[in-house]
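These numbers come from the heavy atoms of this one structure, side chains and all, not from hydrogens, waters or symmetry mates. If you read the sequence from its start, that first residue is 1, and numbering goes on from there.
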Amino acid sequence: MNMKRILVASCLGAALTTTAMTPISAEVLRVLQGQAQGALNVPMNRAVVVESDVPFAELSIANPGIADISTLSDKSIYVLGKAPGRTTLTLLAPDGTLISNVDVHVTPDIAEFKERLQQILPGEAIEVRTANDGIVLSGTVSSTAKLDRALDLASRYAPDRVSNLMVVGGIQQVMLKVRFAEMNRSVSKGLNGSFGFGDQRSFGESGNFLPAGNSPYGDPITWSGGISGGMTFGGNIGGIEFGVMLEALESKGMVRTLAEPNLTALSGQEAKFLAGGEYPIPIDGDGDSITVEYKPFGVELNFTPTVVDGDIINLVINAAVSSIDTTVALDIGGISINGFKRRETSTTVEMRDGQSFAIAGLLQDDFRDLSSQVPWLGDVPVLGALFRSAEYQRNQTELVIIVTPHLVTPVAGEALALPTDRIKIPTEAELFLGGVVAKNPGAAGEVARQDFSTSYGYVME
């Protein structure tokens with residue numbers, strides 16, 4: 001029994017000794033009568049103890065919605081933060097005199113927020129402070145994505161009360177290199193046959209081959225414009241003359257257009273580019289007045305870059321290639337207005353510095369053929385071609401848009417060269433005597449030296 005008591009006493013003594021040696025941390029504000037008191041900072045949903053050097057008889061809190069109070073003794077007060085804000089704690093002595101007014105400032109609990117911020121974004125130099133009832137973030141982050149994460153986390157602790165003073169480090173300027181390449185190929189073939197007959201009086205008109213004037217046999221048959229080959233022959237049988245006209249047409253064409261605009265913009269800012277012109281369009285105004293609006297055409301580019309993280313770039317791109325379509329026209333009040341051909345793309349892509357994307361590829365293939373003939377006669381073998389007309393048209397267009405972003409920084413002005421720097425103005429003697437218009441015409445000759453001998457464009461059979 002004595003041994004048991006000794007062991008229990010030893011364990012109890014060890015526990016008391018350990019408790020005595022372990023410091024208990026607590027936030028305590030000591031109130032001294034007759035002296036100005038500092039502000040009492042209370043984290044939201046946490047408590048702080050206020051101790052007075054003299055006993056108090058009455059307590060009051062100006063706004064119980066911000067902080068709650070309770071007495072621990074006649075000299076100790078328990079203050080619990082409930083909502084962000086400022087209020088006043090008043091202490092009165094037993095004789096009714098004022099002991100002190102304590103300014104209570106309840107702020108969001110940023111201790112836990114700092115811990116979570118270090119766990120989610122380790123290594124980022126973000127400073128956290130409180131201001132009034134909100135959180136203030138300052139410092140430098142390495143990317144926009146991490147800045148957004150920090151703001152999103154802060155809004156969890158102080159909704160709609162987060163002030164962002166952070167800056168994004170690294171390169172935040174993006175140069176977008178865009179290549180517009182378009183190939184147009186057209187093929188047109190036609191074979192037309194015409195046949196007519198009439199009496200001898202209806203032939204022989206100048207410029208006409210078959211019935212002319214007011215002949216009862218119809219209007220004259222003349223050559224069509226743009227033909228590449230034609231043949232006529234005829235004869236007479238008694239008083240009746242006949243004639244046959246054959247027309248052949250074949251045309252081929254190819255157009256290559258290329259534009260390579262380079263545009264630089266700050267991360268998050270929009271940049272615009274237009275290489276072309278503006279087409280005037282008349283619009284009826286008030287009364288009989290006519291106003292003019294201009295519609296842009298050519299190569300258009302609008303893009304907004306965002307440096308997401310490191311060298312990852314997010315691009316919001318609107319690109320368009322438009323041209324005036326002379327085949328479509330509208331007459332309004334004697335004014336002819338042409339239509340427009342427009343190819344447009346709008347997309348969002350994400351890539352690293354120097355990588356490329358083909359954001360658009362348009363292959364358009366238009367095919368049309370037409371055959372007309374004289375009934376029954378056009379079905380006759382061999383000779384039926386004289387009574388038949390056939391047309392064949394095929395147009396192919398391919399448009400490709402390739403984008404390549406680069407993170408860029410400014411350079412010294414001397415490091416940039418202009419195309420005009422390579423051209424020197426000739427002297428009067430060189431111009432009039434030697435016929436020299438430019439001392440260094442290499443810039444203009446670069447296009448002429450391009451090799452077009454290999455296959456390019458479309459191959460149509």
> What closest approach, in Å, do Val408 and Met175 show between heavy atoms, and which atom pair accounts for it?
CG1-CB, 3.7 Å
> Show your reasoning for whether salt bridge (charged side-chain N to carboxylate O under 4.0 Å, His left out) applies to Lys114 and Glu127.
CA-CA 9 Å; Lys114 289 182 178 180; Glu127 298 180 0; over 6 Å; no
> Are Glu112 and Arg156 ion-paired here, with the side-chain N under 4.0 Å from a carboxylate O?
no
> So, for Pro280 and Val292, which heavy atoms are closest and what is the spacing to 0.1 Å?
CB-CG1, 3.7 Å
> Checking the side chain of Lys82 only, and the main-chain atoms of Asn45 only, is there a donor and an acceptor separated by less than 3.5 Å?
no
> Strictly below 4.0 Å, N to O, side chains only: are Asp365 and Arg394 in salt-bridge contact?
yes
> Show the nearest heavy-atom pair for residues Thr87 and Ala62, with the distance to one decimal.
OG1-CB, 3.3 Å
> Taking Ser267 for the side chain and Val307 for the main chain, is one N or O donor matched with an acceptor at less than 3.5 Å?
yes
> In Å, rounded to the nearest 0.5 Å, how long is the span from CG of Asn184 to OG of Ser186?
8.0 Å
> To the nearest 0.5 Å, what is the distance between CZ (Arg161) and OG1 (Thr107)?
11.0 Å
> Could you tell me whether the side chain of Glu260 reaches within less than 4.5 Å of the side chain of Lys177, counting heavy atoms only?
yes
> Let's go through Arg129 and Ser138 carefully: what are the C-alpha distance in whole Å and the side-chain angles of both, what is the deciding distance for side chain to side chain donor-acceptor pair (under 3.5 Å) to 0.1 Å, and is it a yes or a no?
CA-CA 8 Å; Arg129 298 181 179 88; Ser138 60; 3.0 Å; yes
> Quick one: do Val174 and Thr264 satisfy side-chain contact (heavy atoms from CB on, under 4.5 Å)? Show the steps, please.
CA-CA 5 Å; Val174 179; Thr264 303; over 6 Å; no
> With a sphere of 6.0 Å drawn around CD1 of Ile425, does it hold more than 12 non-hydrogen atoms of other residues, nucleotides or ligands?
no
> Can you tell me if CD on Gln119 sees more than 12 non-hydrogen neighbours from other groups inside 6.0 Å?
yes
> Show, in sequence, the C-alpha distance, side-chain angles and deciding distance for Thr345 and Ile401, and conclude whether the side-chain contact (heavy atoms from CB on, under 4.5 Å) test is met.
CA-CA 9 Å; Thr345 180; Ile401 302 176; 3.9 Å; yes
> Could you give the distance from CG (Leu89) to CG (Asn63), rounded to the nearest 0.5 Å?
12.5 Å
> Within the 3.5 Å criterion, strictly below it, is a donor on Arg343 or Ser322 matched to an acceptor on the partner's side chain?
no
> Is the shortest heavy-atom distance from the side chain of Ile126 to the side chain of Leu117 under 4.5 Å?
yes
> Using a 3.5 Å distance criterion without hydrogens, assess whether the side chain of Glu430 forms a donor-acceptor pair with backbone atoms of Thr427.
yes
> Hey, is CZ on Phe367 packed in by over 12 heavy atoms from elsewhere, all under 6.0 Å?
yes
> For Met351 and Val403, run side-chain contact (heavy atoms from CB on, under 4.5 Å): C-alpha distance rounded to whole Å, both residues' side-chain angles, the deciding distance at 0.1 Å, then the answer.
CA-CA 10 Å; Met351 65 192 81; Val403 296; 4.1 Å; yes
> What distance do Glu350 atom CD and Ile313 atom CD1 have between them, rounded to the nearest 0.5 Å?
9.5 Å
> Which pair of heavy atoms, one from Ile337 and one from Pro282, lies closest together, and at what distance?
CD1-CD, 3.7 Å
> Quick one: does any side-chain atom of Gln355 pair with a main-chain N or O of Arg352 as donor and acceptor, under 3.5 Å?
yes
> I'd like to know if the side chain of Asp353 reaches the main chain of Leu407, judged simply by a donor and an acceptor atom lying under 3.5 Å from each other, with no hydrogens or angles considered.
yes
> Going by distance alone, is a donor N or O of one side chain under 3.5 Å from an acceptor N or O of the other, for Ser356 and Thr404?
yes
> side-chain hydrogen bond (donor to acceptor under 3.5 Å, both in side chains) with Tyr279: which residues, sequence neighbours excluded?
Asn338
> May I ask you to say whether Glu278 pairs ionically with Lys295, meaning some side-chain N is under 4.0 Å from a carboxylate O?
no
> Check step by step if side-chain contact (heavy atoms from CB on, under 4.5 Å) holds for Glu391 and Arg368.
CA-CA 8 Å; Glu391 295 182 1; Arg368 183 174 72 90; 4.2 Å; yes
> With no hydrogens and no angle check, do the side chains of Arg185 and Gln396 hold a donor and an acceptor under 3.5 Å apart?
no
